[in-house]
Structure formats: C-alpha cells, structure tokens
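What follows is a set of notes on a single structure, which appears directly below.
Counting from 1, the numbers follow the sequence of the chain as shown. Every number for a ligand or one of its atoms is a count from 1 in the order of the listing.
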Amino acid sequence: MAIPVVLFGCGTVGRALAREALSLGDEIRFLAVLDSSGGVVDPSGIPAGRLREILSFKEKGEGLGATGLTWEEALEAVCALLREGRGVVVDATASEGTVGFLLEALEQGWGVVLANKRPLVGPWEDYRRLTASGRLRYEATVGAGLPVIAVLRSLLATGDAVYRIRGILSGTLGFLLHRVEEGIPFSQAVREAMARGYTEPHPAEDLSGKDVARKALILARTLGLPLELREVAVEPLCPPDPGEMPIEEFLKTLRLMDAGMRRRVELAGKKGKVLRYLAEVSPEGTRVGLMQVEWESPLARARGPENVVVLETRRFREWPLVISGPGGPRAPPPGFSPISSN
Ligand SMILES: NC(=O)c1ccc[n+]([C@@H]2O[C@H](COP(=O)([O-])OP(=O)(O)OC[C@H]3O[C@@H](n4cnc5c(N)ncnc54)[C@H](OP(=O)(O)O)[C@@H]3O)[C@@H](O)[C@H]2O)c1
C-alpha cells in the first residue's frame, strides 16, 4: 500500500525526494506539497503528472501559491488530513517555525521525517517532545545521508556505551581544508567552493560553523545529553558576525585569514598531523572547530567533500567504528546493477 506523505519544502531536498518517489512508481502518494508561498493539496493523492508539473514549476523559481492554495489555505487543508488519516510528514524546509505543526502531526499518530535540523536544535524540551513517540526520523540531518543516527541508535539499544564521537560533517569545509593543504590560499579555496556550488549562497553560512554545531548537538542529544545549542563551543572560519556583509566584501576580509590558515596547516604537518574541521562529542563537552588529527586517523584520510564519523564505544574502542561516504548522494555509475532485491 502506498505511503501517504505530506511534504513541507520543495527546494533541493524536497524536489529530490519527490523525484525519487516518482521513480519508485506508486510506493509513495503525496497528499500535499507546500513551499513558503502556498501548496497543492489532494486528499486522494497528487497524480504523478501533476507532481511533475509542480517540480518543473518550482525549478523555474515559481512559488506554489501561484498554482495552488495560499500557504494558510494549504496548512488548513493539511491539518484536516492529519485528523482524518495516517501517514508521514516530511519537513524539508530550513524553517525554525515548524515545531508546533510537527508536534501536532505526531500527536495525531503520524510519522515525521526531518531533513531540517532546526526543529531538533531548539530548547531541549522541544527535542524531548518531538522524539518521545519514537515516530520521528532524522537521519538526513547529520552526515549527508550516511547511516549515522541509525547506527548510534542500534548501538545504544543493544547496550553499548559511547565514549566519544568525532566527525567531519561538512563536505564544504572538508573541501576547503583539503585545498589549503594543497597550497591554495584559504580565501581562494572559498571562491572555488562557491563556483562549484559547494557553499550556501552566502558562504558565511558554512564558514560560521553554525551548521556543523547544529549537527554536533543532534548527535549529542541522540546520546541523551540534554545540551542546548549555546553550550556547543564553535570556532568559526570567518570573522564573527559577518551579518549582512555583501559577499564580495566578505570574501575580501577572508584574505586576512590566508596566512594564519597556512601556518596552522604547516604547524600540524610538522607534528605529523593534519588539520580538520571536526565536530566532537566527548566527556569534555561538545565542540566544533579546527583540530589536529593523527595521519593514521580515518579523519585524516578524508578527501574533498567526504563526510566521516568515528564512533569510540565500549565495543569499538581500540578500533573505532567508522562511517564514511560522499558528502551527498551520488548517482550510480552506468551499468551498475544492484544485487539487493529492493
Ligand atoms: N541540500 C542538502 O544537500 C541538504 C542535506 C541535508 C539536509 N539539508 C537540510 O534540508 C533542508 C532543506 O534543504 P534545501 O537545500 O532543500 O533548502 P532550500 O532549497 O532552501 O528549500 C527549502 C524549501 O522550504 C520551503 N519553505 C520555507 N519555509 C516554509 C514553510 N514555512 N512551509 C513550507 N515550506 C517552506 C522553501 O520555500 P520556497 O521555495 O518558497 O522558498 C523551499 O522550497 C534544510 O534544512 C537543509 O539544512 C539539506
């Protein structure tokens, strides 16, 4: 039977999900798709042709309010759906304002899947309420789709104890450090990352370290640590509070960091180590920033935009458990044929 889905957000992630669902045939039935301007709601399921139309409409930069209901109308229709049936709500927005709605969906017996980190990094009490039912999944929020949360949960559920988590959780920052190691000035590496589409539209969003801090907090909270975001120590890779600084001006200020970054990379090299931008959850606290790691570490081997998570646990102490992969899903090579059945 098709899984009924209500999708909030029709940006990069929302559209990728809808396209994946279309490729699966009729396994997923979208009852509603909303963006920030409005939405399309069909209690019997949006037909595949209409869904494709919505996706190309969004790809042209249009808002769903122009082809469907206003946002308020769409939300009202979705609330009626929540009361009438069961299914899964997907939050693929980057909004801080979805918590109330997500709690309502869980209360009505729906499942909730998040790509959006923000609902999980507000007050601890919100996190606790969101996760209490066991019907919330948030694998996509950390590690670019690598199975990190599922593995952590499985370890905890089977009696293991976690001592330390260290991870490269930003493909963008991983790429930047790799380029600096290759001798490229930091500010130039940032321009290169922008040109390749690796950064957010304003690179300060990546360089501030705030997004990695959110991921670190999600990992810490998954372990049951009742931390708040302000308790995560963050070392930014840009001047503090770039605020609304125009991008070109911001990029010029980064030149001031070129010499310092080079020195830090060289200093690490002299000690036989490499510099990585890590998230760390340990008994000493949760922190995010530049850290030196041993050459032999799986964290040192990470290349370009790869994500790597190293779990040191009671079972995996001497040889920690390593989860690594590309910083985003990649299409299989031509001719690739899976051996699994689904
Ligand atoms: N991109 C990635 O590779 C990736 C990977 C893992 C997790 N994430 C997370 O996934 C989320 C989505 O990422 P993205 O790259 O798809 O972002 P995006 O392209 O900016 O898309 C965000 C979507 O959310 C919509 N939206 C905003 N507020 C809304 C609201 N109140 N109700 C309904 N829709 C709303 C936006 O509407 P408009 O179209 O009208 O602006 C847009 O369609 C983010 O939280 C991001 O951090 C992204």
Side-chain angles (χ1 to χ4, degrees), residues 5-20 30-41 51 54-79 81 89-102 104-105 112-122 137-149 167-175 193 196-202 205-206 208-219 229 279 305-307 309 325-331:
V5 168
V6 166
L7 173 62
F8 276 76
C10 198
T12 312
V13 171
R15 292 200 303 272
L17 172 69
R19 292 216 180 279
E20 181 85 14
F30 286 92
L31 306 185
V33 179
L34 283 80
D35 68 7
S36 65
S37 72
V40 175
V41 182
L51 189 57
I54 292 171
L55 297 180
S56 26
F57 195 70
K58 284 300 297 176
E59 262 140 33
K60 285 185 209 134
E62 310 275 356
L64 292 183
T67 184
L69 305 171
T70 67
W71 194 85
E72 289 72 17
E73 288 167 347
L75 187 68
E76 205 181 312
V78 166
C79 287
L81 290 175
V89 170
V90 177
D91 181 353
T93 74
S95 167
E96 283 172 4
T98 54
V99 173
F101 175 79
L102 299 175
E104 175 63 23
V112 169
V113 174
L114 304 177
N116 183 10
K117 293 173 270 296
R118 291 171 199 264
L120 299 173
V121 300
R137 295 289 180 272
Y138 53 92
E139 191 66 77
T141 60
V142 179
L146 297 175
V148 177
I149 305 294
I168 296 175
L169 300 178
S170 163
T172 310
L173 299 183
F175 169 81
R196 289 177 180 230
Y198 288 171
T199 66
E200 293 295 325
H202 197 311
E205 186 64 27
D206 302 283
S208 69
K210 284 182 190 161
D211 199 51
V212 182
R214 290 185 198 109
K215 294 174 184 177
L217 181 64
I218 291 171
L219 290 176
L229 193 54
E306 189 177 357
N307 274 225
V309 179
R330 298 281 182 275

When you measure from atom 25 (C) of ligand 1 to every protein heavy atom, which one gives the shortest distance, and what is it?
-> G9 CA, 3.7 Å
N116 heavy atoms within 4.0 Å reach ligand 1 at atoms 45 (O)
Short check: is a protein heavy atom less than 4.0 Å from atom 3 (O) of ligand 1?
-> no
Closest approach of any protein heavy atom to atom 29 (C) of ligand 1, naming residue and atom = T93 CG2, 3.8 Å
Does a side-chain heavy-atom distance below 4.5 Å link L219 with V148?
-> yes
Nearest to atom 27 (C) of ligand 1 by heavy atom, S36, C10, G143: which?
-> S36
Any ion pair linking D91 and R118 (charged N to carboxylate O, less than 4.0 Å)?
-> no
Once the angle between the rings of F175 and Y198 is folded into 0 to 90°, is it parallel (under 30°), tilted (30 to 60°) or perpendicular (over 60°)?
-> perpendicular
Quick one: are L64 and K58 in side-chain contact, heavy atoms under 4.5 Å?
-> yes
Looking only at N/O atoms, are G11 and ligand 1 under 3.5 Å apart anywhere?
-> yes
Contact partition for A92 relative to ligand 1, non-hydrogen atoms under 4.0 Å = backbone
Under a 4.0 Å N-O cut-off, is there an ion pair linking E200 with K210?
-> no
Can you check whether G38's main-chain N or O pairs, donor with acceptor, with D35's side chain at less than 3.5 Å?
-> yes
Heavy atom of the protein closest to atom 33 (C) of ligand 1 (residue, atom name, distance) = D35 O, 3.2 Å
So which protein heavy atom does atom 30 (C) of ligand 1 come closest to, and at what separation?
-> W71 NE1, 3.7 Å
The single option from I218, L120, N307 that satisfies side-chain contact (heavy atoms from CB on, under 4.5 Å) with V142 is I218
Hey, does F30 have a side-chain heavy atom less than 4.5 Å from the side chain of I54?
-> no
Above 12 or not: heavy atoms from other molecules or residues under 6.0 Å from CD of E62?
-> yes
K58: numbered ligand 1 atoms lying under 4.0 Å from its heavy atoms | 38 (P), 39 (O), 40 (O)
Identify the protein heavy atom lying closest to atom 47 (O) of ligand 1, giving its residue, its atom name and the separation to 0.1 Å.
-> K117 NZ, 3.2 Å
For A140, the ligand 1 atoms whose distance to one of its heavy atoms is below 4.0 Å = 6 (C), 7 (C)
Is there a side-chain contact between F8 and L75 (heavy atoms, below 4.5 Å)?
-> yes
Between V13 and ligand 1, does any nitrogen or oxygen pair lie at a separation below 3.5 Å?
-> yes
Atoms of ligand 1 close to A115 [distance to a heavy atom under 4.0 angstrom, numbered from 1] | 7 (C), 8 (N), 9 (C), 10 (O)
Looking at ligand 1, does any of its N/O atoms fall within less than 3.5 Å of an N/O of T12?
-> yes
